[in-house]
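To start, the structure itself, in structure tokens.
Below, chains carry the letters A, B, ... as their sequence lines are ordered, and counting in each starts from 1. Keep in mind that the numbers below use all heavy atoms, side chains included, and drop hydrogens, waters and symmetry copies.
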Amino acid sequence: MTEKQDEDIRIGIFVCHCGTNIGGFVDCEQLAEYATTLPNVAHSEHNLYTCSETGLAAIRNAVKEHNLNRVVVASCTPRTHEPLFRDCVQEVGLNPYLFNFVNIRDQCTWVHMKETDAAFEKAKDLIKMGSAKAAKLEALERIVVDINPIALIIGGGISGMNTAISLSKQGFKTHLVEKEDKLGGRLKSLYKLFPNDQEASAFLEDMTKKVEASKNLTVYTSSKIKSIEGFIGNYNVEIEQNGDIISLNVGAIIVAVGASVFEPTNLFGYDGEKSITQLELENKLKNNEVDANNIVMIQCVGARNEERVYCSSICCMTALKNALIIKEFNPDAHVTILFRDIYTPGIQYEQYFKKARKAGVLFIKYTLEKLPLVDKNEIKVFNEYLGEEILIPYDLLVLSTPLIANNDNSDLAQMLKVPLEENNFFLEAHVKLRPIDFATDGIYICGSAKWPVDITESTTQGLAAASRASRILSHETIEVESSTAYLPEWNKSLCKGCEVCITICPYNAIIKNEDDEIEIIQALCKGCGTCGSTCTKHAIEIKHFNNEQIMAEIIAFGGKIIE
Amino acid sequence: MSYEPTILGFLCNWCSYAGADLAGVSRLQYPPNIRVIRVMCSGRVDPKFVFEALKIGIDGIIVMGCHPGDCHYLEGNYEAEKKFNMLKKFLTFINLDNRIRLEWVSASEGMRFAEIVSEFTNSIKELGPSPLKEDKDLLDKLEAIEMAADSYRIRALVGRERTIIESENVYGEKVPQDKFDNIFNTAIYDEYMRCRILLSLKKNSKSVKVLASELEIDPSEVLEHILILKGSNSITMGEIEGITPIYEYTMEG
Ligand code: FES
């Protein structure tokens, strides 16, 4: 290295194996060794899980022992783990902005699994770039914004109702928006609930009463979200109710929009009469309209196939529940369940399965390759265990279909600026670390909007969302990102007063002050950096993403030919 | 071994970077050539970053942001697009415009991210190594372009484009897009030529005729630029060789 080593800068680089997620594809020990050859690097090591307590302790110790003043972790993604490492370096007295993240998992080993040599070279470059930026990092002061202690819950199903009740009980003003004319969501169309056979209508009535009794809670039915703007603590939301627009300002938003039911058009003779869905069966049971003796249910209709790979998770229990209800009404009825796998996790659900078997419900396994064939009065199915085809007579066929994502999810996702996964369900910030949060601060997710879940799980998540949101709402202020735009003292003479920055700032954060100087209001600036790259005189700088830092990254990459 | 290009990506934190992470979570495989610099918004990408990357021989540069209307900061991607269009126009002069790319990738489009990166990498592979690695002449032209793009006139036009087209100017009128494009194209061309003249004179003083043959443009056009450059004190008339004035570069301009 010909570059002059800066005596004052001491970088520590921590290469994470992430179990085998990184370590299984590239040699982390060699990466750590490589890191020591980079300018300003005073220490490097590799850890099995840098985010584990052991890994964090290693960082803390190394900072003390080697007198580090910059820390680089090469591991997963800053989108999930940056806060953790920032906190960690802060604990040993470093400013959190002296930490830099290098993504060698999500954007390296996971996407180049079959080209491990190239992945190794890429990881080296990324570490080099990250380290070059780290050398230029500056300590920043935190910025504080006010929190409006009001919550908005989108969706008045079981999870949304739970969130709303909980938040309002905690004393927060709460708005609950439901697009249909009544609260309850899917619960409205159910008959009994597993595993305790409680009447859904009674349960819903109970919940609705609680909502009505909640003092701080306003319910908007037949209402749609029109627009959402703002940021944590201060979201401006417009709701449309019967053609009227209602404007709200809220501090946190909870997405509880639930899911829709898949309609099995053209599948297994579905006609809504002799071949119906589980949901339609619930309705018939409610009205005591089932007068069939031979009932067959088919599981995984339109699920766990090529088109829809996921397991809807509630259908096994729904089928067992309804089979048992039928058996109870009419013990002589023949109920056969054609399944691919029966999923009944935990003690209670497994007991429920045993109960169904004891009650005489018949279970026959089929495979995706040999789907049951539905005739007018018979179903032909290849019995895996007997190794031969059998005929089952039926007078009612019930199809267990999955919950699918609402088709207006993408509209809401766009307004909230949050992601959807490939099946159009909402995608949480992190499946294990932040399962109820979105990556965007102040917005939370619960219930079947994220994934098909039953009532127990909807309730759990609804309450969890309330708790996550109250973490924010219970504070008068919150610290937000400090990486804002600013006009450094030494650049003031560069500014020619063209005011381009004022016109392009979407947050009106840039003004001309009494001294006729450009001033950037720190609390309003969100740090997009557009003014910095537009400034006609390069006078505006962007903290934590300044020109020098980004240039350092570019130069570190250096256009070296990849071998 | 076949040639492997170097690709630099600028990804906005909220959509494209998240999309790239999703490609990872979904284990989608794409060519390993790309190195990513995370920025908060695509609007953060200063044209000078792109010039720097080109100058040091990076073969392809891709900027990715949220889809129009989806920018986490509302409008940053529109500004990114304006800057990108400007870059494209300039780079067309030296045939390097196909080495830069602007794409929109949302947080849920892991697949789209992987596809775009694959496609872009392959297209750069087909183009071969960046000629800037060897061609000194071309590097000089790029320097002129960088200087032109960095001029107050161009940066101000790019920064004001949306205001000029979308809202009324001081005279209470809106400028239609095609009219703006005309003004803009002329500005880009003129600034490029003037910067080439300046940089050429910086090396050594020359006559209009010599400049004209060097720039491969008409001497009368060179003269027009010379007059403007003289007006801004960027150059002066030095000695006169016979009847031909020789122009020199000054530091003032
Ligand atoms: S945040 Fe993605 S383009 Fe602005």
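- The part of B:Leu22 that comes within reach of chain A is its side chain, from C-beta onward, which places non-hydrogen atoms under 4.5 angstrom from that chain.
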Checklist entry - Is there a side-chain contact (heavy atoms from CB on, under 4.5 Å) between B:Asp21 and A:Arg79 once you walk through the steps? => result CA-CA 9 Å; B:Asp21 279 352; A:Arg79 292 176 54 258; 3.1 Å; yes

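- Of the listed residues A:Val500, A:Asn547, A:Thr109, A:Asn21, the one with more heavy-atom pairs under 4.5 angstrom with chain B than any other is A:Asn547.
- Not a single donor-acceptor pair under 3.5 Å links the side chain of A:Glu121 to the backbone N or O of B:Pro32.
- For the pair B:Asn33 and A:Lys122, the minimum side-chain heavy-atom distance is 4.5 Å or more.
- A pairwise comparison of heavy atoms in A:Phe557 and B:Thr6 identifies CZ-CB, 3.7 Å as the closest pair.
- Annotation: the span from B:Asn77 atom CG to A:Cys528 atom SG amounts to 10.0 Å, rounded to 0.5 Å.
- Only the side chain of A:Met129 comes within contact range of chain B, with at least one heavy atom under 4.5 Å from a heavy atom of that chain.
- With chain B as partner, the option from A:Cys531, A:Cys501, A:Cys498 having the largest number of non-hydrogen pairs under 4.5 angstrom is A:Cys498.
- Here the straight-line distance linking atom CD of A:Glu499 with atom OG1 of B:Thr163 works out to 11.5 Å at 0.5 Å rounding.
- For B:Cys71, the part lying under 4.5 angstrom from a heavy atom of chain A is the backbone only.
- Heavy-atom distances place both the backbone and the side chain of B:Arg38 under 4.5 Å from chain A.
- Comparing B:Ala156, B:Ala107, B:Ala23, B:Ala18 by heavy-atom pairs within less than 4.5 Å of chain A, the highest count is held by B:Ala18.
- The candidate from B:Glu109, B:Arg160, B:Glu75, B:Arg162 with the greatest count of non-hydrogen atom pairs under 4.5 Å with chain A is B:Arg160.
- For the set B:Cys41, B:Ala114, B:Gly110, B:Ser106, the entry with the most heavy-atom pairs within less than 4.5 Å of chain A is B:Cys41.
- Annotation: side chain of B:Leu28 is not in contact with side chain of A:Trp110 (no heavy-atom distance under 4.5 Å).
- In this structure, B:Glu134 places its CD atom where only 12 or fewer heavy-atom neighbours from other residues, nucleotides or ligands lie under 6.0 Å away.
- The interface of residues 47-55 of chain B with chain A, defined by heavy-atom distances below 4.5 Å, comprises B:Pro47, B:Lys48, B:Phe49, B:Glu52, B:Ala53.
- Ranked by heavy-atom pairs under 4.5 Å with chain A, the first of B:Ser42, B:Cys12, B:Gly24, B:Ser130 is B:Gly24.
- Within the 3.5 Å criterion, the main-chain N or O of A:Asp125 finds no donor-acceptor partner in the side chain of B:Arg35.
- Among the candidates A:Glu229, A:Lys496, A:His544, A:His538, the residue making the largest number of heavy-atom pairs closer than 4.5 Å to chain B is A:His538.
- Contacts with chain A were tallied for B:Phe113, B:Trp14, B:Tyr17; B:Tyr17 has the most, counting heavy-atom pairs under 4.5 Å.
- The greatest number of non-hydrogen atom pairs below 4.5 Å with chain B, out of A:Leu427, A:Asn424, A:Leu420, is found for A:Leu420.
- By the 4.5 Å heavy-atom criterion applied to side chains, B:Gln29 and A:Glu115 are not counted as neighbours.
- Note that CG of A:Asn423 and OG of B:Ser108 are 11.5 Å apart. Values are rounded to the nearest 0.5 Å.
- Rounding to the nearest 0.5 Å gives a distance of 9.5 Å between OG1 of A:Thr503 and CD1 of B:Ile164.
- With values rounded to the nearest 0.5 angstrom, B:Arg44 atom CZ is found 6.0 Å from A:Ser533 atom OG.
- Neither the backbone nor the side chain of B:Val158 comes within contact range of chain A; no heavy atoms are under 4.5 Å apart.
- In terms of heavy-atom pairs under 4.5 Å with chain B, the best-connected choice from A:Thr80, A:Thr536, A:Val111, A:Asp106 is A:Val111.
- The CG atom of B:Asp46 lies 7.0 Å from the CE atom of A:Met551; values are rounded to the nearest 0.5 Å.
- Donor-acceptor pairing under 3.5 Å is lacking for the side chains of B:Lys82 and A:Thr534.
- Nearest heavy atom pair, residue A:Leu126 against residue B:Val36, reads CD2-N, 4.0 Å.
- For B:Phe10, the part sitting under 4.5 Å from any heavy atom of chain A is the side chain, from C-beta outward, and nothing else.
- Ranking B:Lys83, B:Met40, B:His67 against chain A, the residue ahead of the rest is B:Lys83, based on heavy-atom pairs under 4.5 Å.
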